[in-house]
Amino acid sequence: MKFKKIHSGLIALGLCCSLFLQTPVLAAEETADAASVSAISTNDIAGWPQGPDITSTAAVIMEDSTNTTLYAKNMDQILYPGATVKVMTTLLALEKTQLSDQVTMTATGVSGVTDGGANISAQIDEVFTVEQCLYAIMLASANDVALQLAEHIGGSVDGFVQMMNARAAELGCTNTVFTNPTGLPDENQHTTAHDMALIMKAAADNESFQTIAGTTSYTIPATNVSGGERVLTNNFSMLTNTNAAYYQYCTGGREGYTEASGSTLVCSAQKNGITLIAVVLQGTSGTTATEAASLLNYGFDNFNMLSLGDNDFNMLSGGDVYVPVGTTADALTTQDGEVQDGQYSRQYLFGGTAVGTSVMVATQEEDTSLVDASVQNIDAAKNYTEGRNNLPYFIIGGVGILLLLLILLRIIKVAKS
């Protein structure tokens, strides 16, 4: 009895100790689980090169021709875009106007001179060409010109903003709302790193945009109002070879800083025929350009283009994939879309991640039913023939000849009588 009481007491003590000791273990496990959920989602792809960590809140690196997302950190987090808005402003203006069109400054545009943002001190009734306006926007981040160009194209700034939002939707943006063409703070204006990458990709594919964004210096001649020329110098740090953030492969972009957005940057870069898009949002001043450069190096150094269509005669276009170095076609899987007008799209996947697409011709399967039926009939006829003996035909022939002879003899007898 005494032994049973002692045994029960030891069991109770053990249970209490186990419950007490389990608490910190569970807490440690929860902490480890939380840490395993990385903000850099691409680092969770099996076999994917591990991308560098950065201090900025969100970032994306995308390959232009295949739309492959190489690096993604909080890419769908909604943030303020800052001056990167001007990429959309410039792209839309290029799509809706001619470079030679003339733009006359009104009170709308001139208000941008006194709003505290960047400007070129435009004056009422001053006339610029669209081309001059776009250089002012991309090189000098001129808010006065951006506002005036918006009114010129959209009938009003609000009208142009509606066009910006419609164009963003066409490009596949799902979490972007523009409220002005300048990027000045507005609590209702927001975007994501992924959406800005889609916008910058469209801009990078526009030859005129690339020419303007990649220019280091541009001169606006004296206008009908100004007394002299304006020399504009591109203030994008990654294009300025005297800046510590200079990146030799950069082909253009836009950056800015406000207290609301922090430091924001979008750009494109080209190396060995490969074009990458970089977006870095909500960084600290002076860090976004260097972080963008490190991410671009990651994208150029750890991936390469692989062509899948060299021996596939059913491939109409595409077929290139941007994949981790050393990847072969055998490591990829495919997903085919629905057939339309004799064609369908094929998506190539690496570890479930899209790395390229192609357009394939739909080959119809041959209907062999008629051929099979013909072959069966021929075989049946052959078997029928082979299964018969030629002897009956000789007998029938002999009987015929004998009858004919009998008839002839009968005729002769009748004639003699």
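A quick note: this is a predicted structure, and the numbers were derived from the prediction, not measured.
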Verify the distance criterion only: is there a donor paired with an acceptor across the side chains of [X] and [Y] at less than 3.5 Å?
| X | Y | value |
| --- | --- | --- |
| N175 | T192 | no |
| K86 | N143 | yes |
| E151 | T106 | yes |
| T182 | N180 | yes |
| E63 | S65 | yes |
| D64 | T275 | no |

Problem - Pairs flagged by side-chain hydrogen bond (donor to acceptor under 3.5 Å, both in side chains) wherever residues 234-244 is involved - sequence neighbours left out - result: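 As it turns out, the side-chain hydrogen bond (donor to acceptor under 3.5 Å, both in side chains) pairs with a partner in residues 234-244, which skip direct neighbours, are N235-R254, S237-E255.
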Handout entry: Pairs meeting criterion side-chain hydrogen bond (donor to acceptor under 3.5 Å, both in side chains) with involvement of residues 347-361, two or more places apart
Key =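 Those involving residues 347-361 are Y348-S358.
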How far does [atom1] of [X] sit from [atom2] of [Y], to the nearest 0.5 angstrom?
| X | Y | atom1 | atom2 | value |
| --- | --- | --- | --- | --- |
| H194 | C173 | NE2 | SG | 8.5 Å |
| Q270 | Q210 | CD | CD | 8.0 Å |
| I153 | T89 | CD1 | OG1 | 9.0 Å |

Residue pair [X] / [Y]: nearest heavy atoms and the distance that separates them:
| X | Y | answer |
| --- | --- | --- |
| I274 | F300 | O-CE2, 3.5 Å |
| A245 | A289 | CB-CB, 3.5 Å |
| S217 | V231 | OG-CG1, 4.1 Å |
| T264 | A83 | OG1-N, 4.0 Å |

Min side-chain heavy-atom separation [X]-[Y] under 4.5 Å:
| X | Y | value |
| --- | --- | --- |
| F236 | C267 | yes |
| Q282 | Y80 | no |
| F209 | M200 | yes |
| D336 | M360 | no |
| V113 | M105 | no |
| I277 | V60 | no |
| N224 | E126 | yes |
| M138 | L134 | no |

Answer yes or no: is there a donor N or O on one side and an acceptor on the other, between the side chain of [X] and the main chain of [Y], under 3.5 Å?
| X | Y | value |
| --- | --- | --- |
| K271 | L276 | no |
| Y218 | I212 | no |
| T223 | V127 | no |
| T66 | G356 | no |
| N165 | F178 | yes |
| T42 | A72 | yes |
| N74 | Q77 | no |
| N67 | A354 | no |
| T258 | G82 | no |
| D195 | T174 | yes |

Exercise for the section: Compute the centroid of each ring, for F303 and then for W48, and state whether the two points are separated by less than 6.0 Å. Expected result: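 Centroid separation for F303 and W48: below 6.0 Å.
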Practice task
Would you indicate whether Q340, at its atom CD, is surrounded by more than 12 heavy atoms from other residues, nucleotides or ligands within a distance under 6.0 Å?
Solution key: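 No, not enclosed.
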